[in-house]
Engineer: 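Please see the structure below; I have some questions.
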Amino acid sequence: MDDFFDLVYQVVRQIPPGRVSSYGAIARYLGSGKSARTVGWAMNASHHVQPPVPAHRVVNRNGMLSGQHHFEGPGAMEALLNAEGISVVDHCVVGFNELFWDPSVELML
DNA sequence: ATGCTGACGTCGC
DNA sequence: CGCGACGCCAGCA
């Protein structure tokens, strides 16, 4: 399990509750800042991955819930975020800048 | 085996 | 400042 996907899953699972991250940040942390699309693709497969990956904490660089439609249903992602104390308005994370969790910073070792 | 698409991001005009 | 095109990796037709 050393595929690019698993790498993404591991990073996403490190995201603390009430925090959010972006595809580009994760992609860049993995070394390929231009492979943000692949990160999203990994999220697509994260549904049948265990332990479950908090993909709802991963949004685009604008803090927009771009992948909400890919969840169980519309609003599911928002509901999960709300359950963690994150306010979502117009599919956008409120205070995304403060809630932003950058692996290259938080996990900078 | 080749080509297109996809939950993004950055650069160029 | 707004819009368009390209790049990237993996899965599927």
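Numbered from 1 within each chain, the chains take letters A, B, ... in sequence-line order.
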Engineer: Of the listed nucleotides (C/dA10, C/dC9, B/dA7), which one gets closest to any side-chain atom of A/S35?
Structural biologist: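 In terms of side-chain proximity for A/S35, the closest of C/dA10, C/dC9, B/dA7 is C/dC9.
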Engineer: Counting heavy atoms from C-beta on, name the nucleotide in C/dG11, C/dC9, C/dC8 closest to the side chain of A/W41.
Structural biologist: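 Looking only at side-chain atoms, A/W41 lies closest to C/dG11.
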Engineer: Are the side chain of A/H47 and the backbone of A/N44 linked by a donor-acceptor contact shorter than 3.5 Å?
Structural biologist: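 Here the side-chain-to-backbone pair does not exist.
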Engineer: Considering the options A/V11, A/V20, A/V58, which one meets the side chain to side chain contact (heavy atoms under 4.5 Å, CB included) requirement together with A/W101?
Structural biologist: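 The option that passes is A/V11.
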Engineer: Can you identify which nucleotide, out of B/dG6, B/dA7, B/dG9, has its nearest atom closest to the A/M43 side chain?
Structural biologist: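 Selected nucleotide: B/dA7.
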Engineer: Rounded to whole Å, please give me the gap between CG in A/L30 and C1' in B/dC8.
Structural biologist: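 Answer to the nearest Å: 14 Å.
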Engineer: Quickly work out the A/F71 CZ to B/dA7 C1' distance and round it to whole Å.
Structural biologist: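 Rounding to the nearest Å, CZ of A/F71 and C1' of B/dA7 are 9 Å apart.
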Engineer: Side chain of A/R37 only, heavy atoms from C-beta on: which candidate in C/dC8, B/dA7, B/dG9 is closest?
Structural biologist: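 Selected nucleotide: C/dC8.
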Engineer: Nearest to the side chain of A/F5, heavy atoms from C-beta on, is which of C/dA10, B/dG9, B/dA7?
Structural biologist: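 Looking only at heavy atoms from C-beta outward on A/F5, the closest nucleotide is C/dA10.
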Engineer: Taking any heavy-atom pair under 4.0 Å as a contact, classify A/H56: base, sugar-phosphate, or nothing.
Structural biologist: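 Contact class for A/H56: none.
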Engineer: Distance check needed: B/dA7 C1' versus A/L81 CG, whole Å only.
Structural biologist: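 Answer to the nearest Å: 14 Å.
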Engineer: Hey, mind stepping through A/R57 and A/E84 against salt bridge (charged side-chain N to carboxylate O under 4.0 Å, His left out) and telling me if it holds?
Structural biologist: CA-CA 10 Å; A/R57 292 180 193 156; A/E84 298 192 354; 2.7 Å; yes
Engineer: Quick one: does A/S46's side chain have a donor or acceptor within less than 3.5 Å of a partner on A/V49's backbone?
Structural biologist: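 Here the side-chain-to-backbone pair does not exist.
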Engineer: When the distance from CE of A/M64 to P of B/dG9 is rounded to whole Å, what number comes out?
Structural biologist: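 Between P of B/dG9 and CE of A/M64: 10 Å.
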Engineer: Check the distance between C/dC8's P and A/N44's CG and give it to me in whole angstrom.
Structural biologist: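 Rounded to the whole Å, the gap is 22 Å.
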Engineer: Verify the contact: side-chain N or O of A/S66 to OP1 or OP2 of B/dC8, cut-off strictly under 4.0 Å; return yes or no.
Structural biologist: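 A/S66 to B/dC8 OP1/OP2: side-chain N or O found under 4.0 Å.
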Engineer: Return the value, rounded to whole Å, for the distance between atom CZ of A/F96 and atom C1' of B/dC8.
Structural biologist: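 Nearest whole value for this atom pair: 12 Å.
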Engineer: Count the heavy atoms belonging to other residues, nucleotides or ligands that lie under 6.0 Å from NE2 of A/H69, then report whether that count exceeds 12.
Structural biologist: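 Counting other residues, nucleotides and ligands, NE2 of A/H69 stays at 12 neighbours or fewer.
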Engineer: Taking any heavy-atom pair under 4.0 Å as a contact, classify A/R61: base, sugar-phosphate, or nothing.
Structural biologist: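 It contacts sugar-phosphate atoms only.
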Engineer: Which nucleotide sits closest to the side chain of A/N60: B/dA7, B/dG9, B/dG6?
Structural biologist: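 Looking only at side-chain atoms, A/N60 lies closest to B/dG9.
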Engineer: Round to the nearest Å and state the distance from A/K34 atom NZ to B/dG12 atom C1'.
Structural biologist: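 Taking atom C1' of B/dG12 as the reference, NZ of A/K34 is at 14 Å.
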Engineer: Between atom CZ in A/F100 and atom C1' in B/dC8, what is the gap in whole Å?
Structural biologist: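 It works out to 13 Å between those atoms.
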Engineer: Between B/dA7, B/dG9, C/dA10, which nucleotide gets closest to the side-chain atoms of A/A36?
Structural biologist: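 Nucleotide nearest to A/A36's side chain: B/dG9.
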